[in-house]
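Proteins come first, then strands; the chains are lettered A, B, ... in the order of their sequence lines, and each starts at number 1.
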Number of protein chains: 2
Amino acid sequence: MRTVKDPLERKRDLMDMASMLFLSRGYEETSVNMIVEQLGVAKGTFYHYFKSKEEILEAVLESYLDQYAEGIKAFLEESSINGYEKLMFVLKNILSNNQGPEHLTKHVEDNKNARLHQMLDEKFYEKFYPIIVEILRQGIGEKIFHLQYPEEITQVLLLGIRAYMHIHIPNFKDSQYMKTKLQALEEILGKVLGMDEEKYAVRLM
Amino acid sequence: MRTVKDPLERKRDLMDMASMLFLSRGYEETSVNMIVEQLGVAKGTFYHYFKSKEEILEAVLESYLDQYAEGIKAFLEESSINGYEKLMFVLKNILSNNQGPEHLTKHVEDNKNARLHQMLDEKFYEKFYPIIVEILRQGIGEKIFHLQYPEEITQVLLLGIRAYMHIHIPNFKDSQYMKTKLQALEEILGKVLGMDEEKYAVRLM
DNA sequence: CGCCATTGACCGACGGTCGGTCTATATAAT
DNA sequence: ATTATATAGACCGACCGTCGGTCAATGGCG
C-alpha cells in the first residue's frame with residue numbers, strides 16, 4: 001500500500017515517532033527500522049526526509065527547545081519586571097523542568113543516550129545563553145546585580161547548574177536532598193550575582 | 001601465528017592500542033576489529049579480556065584518571081600547605097591540563113566521542129569530588145573560606161568549570177579570550193568561596 | 001506526461017558469540 | 001626423577017544478527 005502525504009505532515013510523523021522512541025527506549029537503542037515500522041512506511045521514506053539518524057535527533061531536539069525557549073522569551077518580553085524577577089522566573093522554570101526530555105528519559109540508562117544528552121546540552125546552552133545574559137545585563141543596569149563578567153558567569157552557571165541538577169546519586173525521591181541542593185544554589189547565586197542581601201535574596205523554592 | 005603473553009601485558013597492550021585509536025580517531029570511529037588487527041591478535045582474544053567495547057573504554061579512562069588523581073593526592077598529602085594554596089594548586093593543574101585525553105581528542109569531532117566524554121566527565125567528577133571537598137573543609141576550618149555548603153558548591157564548581165573550559169567557540173588560539181575566561185573564573189571563585197579579599201585572591205594565571 | 005514521494009531489496013561494516021585449539025603448569029603414576 | 005595425564009585459560013577466526021545507509025524501480029498526482 002502506498003500513501004502520499006503532505007510532506008510536512010510526513011516529516012512531523014517521523015519526528016514524533018522518533019521522539020517517542022528516543023524517550024522511551026533511548027537513542028542508541030532505537031533503530032531507524034523501528035521508527036519506520038511503527039509508522040508503516042518504508043525505510044527509503046525516512047532517508048528521503050532525513051539524511052541520517054543523527055539528523056532526526058537534532059531536528060527533534062531543536063524543535064523541542066525552540067518551543068520551550070520561545071515560550072519563556074515571549075513571557076519575558078511582554079512583562080516589564082526587573083532583572084531580579086526575570087532571573088528568578090527563568091531559573092525556577094528551568095529547575096522545575098523535570099518534565100521535558102531529560103525527565104522522561106531518566107529511566108533509560110544514560111549510557112544509551114550519550115549523544116542525545118550531549119546534543120541536548122548544546123542546544124539548551126545555545127538557546128538560553130542569550131536570554132540569561134540579557135537578564136544579567138538588565139539587572140546590572142538596575143544596580144541589582146553587581147558583577148563584572150556577565151557572559152562568562154552565565155556560561156559557568158548555565159552549564160554548572162544543569163549538570164548539578166542532573167546528579168541524582170542518592171534516592172532522588174528524598175525531598176530533603178533536593179531542598180539542600182536548592183539551598184546551596186541559592187547561596188551560590190546570591191554570592192555570584194553580588195546582590196544586596198538586605199533587599200534581594202535568591203528564592204528558588 | 002599464536003603468541004602467548006603474560007595476561008597482564010596483553011591486557012595492557014589492548015588498552016594502550018584502544019587508547020591510541022580512541023584518541024586519534026574517536027571512540028565511535030574505532031572498531032574492535034581495528035584494535036585487534038593493529039595488535040595482530042584475534043577478535044576472540046579481545047573478548048577474552050573485555051566483555052564489550054564499552055568496557056575497554058571504561059578501563060582506559062579509569063586507568064588514566066586514577067593515575068592523574070593519585071598524583072595530585074600524593075602531592076597534597078605530603079605537603080602541609082593551607083586550603084587556599086591546595087585549592088590553587090589543584091585548580092591550576094586541572095585548568096592547564098589541556099594535555100590528557102580531552103586535549104588530544106580535540107581535533108576529533110565531539111559527536112564521534114559523546115560516550116567517551118560522558119564517561120570521562122563522570123570519572124573526573126568521581127575522582128576529584130572527594131579531593132576538592134576535603135580541601136574546602138580544610139580551608140573552612142582555617143577560616144580562609146566562608147561558605148555553608150562545601151559539598152554542593154564543589155559539585156557546581158567542578159561540573160561548571162569543566163564544561164565552561166570546554167567551550168572554545170571563538171578561535172581558541174586567542175589568548176586574550178582565555179585570559180578573560182580565567183579572570184571571570186577568578187571573580188566567581190573569590191565570591192563563592194567567600195575569601196577575605198585583602199588577604200587572599202584567586203590567582204589562576 | 002513528468003515529477004517526486006515512496007518503496008523495499010540490498011549492502012558492507014559493526015559488535016559480539018562460539019566451538020574449539022594450543023600450551024603451560026599442576027598432579028599422579030611409575 | 002621421569003613420564004603420562006588432567007586442568008586451566010589464553011588464543012583463534014569463522015560466523016551471526018543487526019545496524020545505518022543506498023538506490024533503482026515504481027506508483028500517484030498535478
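Rounded to the nearest 0.5 angstrom, B/Leu147 CG and B/Glu152 CD are separated by 10.5 Å.
Candidate nucleotides D/dA10, C/dT7, C/dA5 were compared by shortest atom distance to the side chain of B/Tyr49, and D/dA10 ranks first. When distances are taken from the side chain of A/Pro7 to each of C/dG8, C/dA5, D/dC12, the shortest belongs to C/dA5.
For A/Glu62 and A/Lys123, the salt-bridge test passes: some basic side-chain N is under 4.0 Å from an acidic carboxylate O. A salt bridge does not link B/Lys127 to B/Glu70: none of the charged side-chain nitrogens sits closer than 4.0 Å to a carboxylate oxygen.
Residue B/His48 has a polar side-chain atom (N or O) positioned under 4.0 Å from OP1 or OP2 of D/dA10. A/Thr45 has no side-chain polar atom (N or O) that falls below the 4.0 Å cut-off from OP1 or OP2 of C/dA5.
A straight line from CD1 of A/Ile35 to P of D/dC19 spans 11 Å, rounded to a whole angstrom. Put simply, CG on B/Leu8 is 11 Å from P on D/dC11, counting in whole angstrom units. Between B/Asp6 atom CG and D/dC11 atom C1' there is a gap of 15 Å when expressed in whole angstrom units. The nearest whole Å value for the distance from the NZ atom in A/Lys5 to the C1' atom in C/dT7 is 16 Å.
Non-hydrogen atoms lying under 4.0 Å from DNA chain C are contributed by A/Arg10, all within residues 10-21 of chain A.
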Scan nucleotides 15-20 of chain C nucleotide by nucleotide, 5' to 3', and note B when protein non-hydrogen atoms come under 4.0 Å of the base, S if they reach only the sugar-phosphate, - if neither.
BBB---
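Qualifying ring-ring contact (aromatic ring centres under 6.0 Å, His included) partners for A/Phe128, counting only residues two or more places apart in sequence or in other chains: A/Tyr68, A/Phe124.
When every heavy atom of A/Leu136 is checked against every heavy atom of A/Pro150, the shortest pair comes out as CD1-O, 3.8 Å. Considering every non-hydrogen atom in both A/Thr3 and A/Arg10, the closest pair reads O-NH1, 3.1 Å.
No more than 12 heavy atoms of other residues, nucleotides or ligands sit less than 6.0 Å from atom NZ of A/Lys51.
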Under the side-chain hydrogen bond (donor to acceptor under 3.5 Å, both in side chains) rule, what do A/Arg137 and A/Thr154 come out as? Steps first, then yes or no, please.
CA-CA 11 Å; A/Arg137 289 218 182 92; A/Thr154 300; over 6 Å; no
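Below 30°, between 30° and 60°, or above 60°: for A/Tyr27 and A/Phe22 the angle between ring planes is above 60°, a perpendicular geometry.
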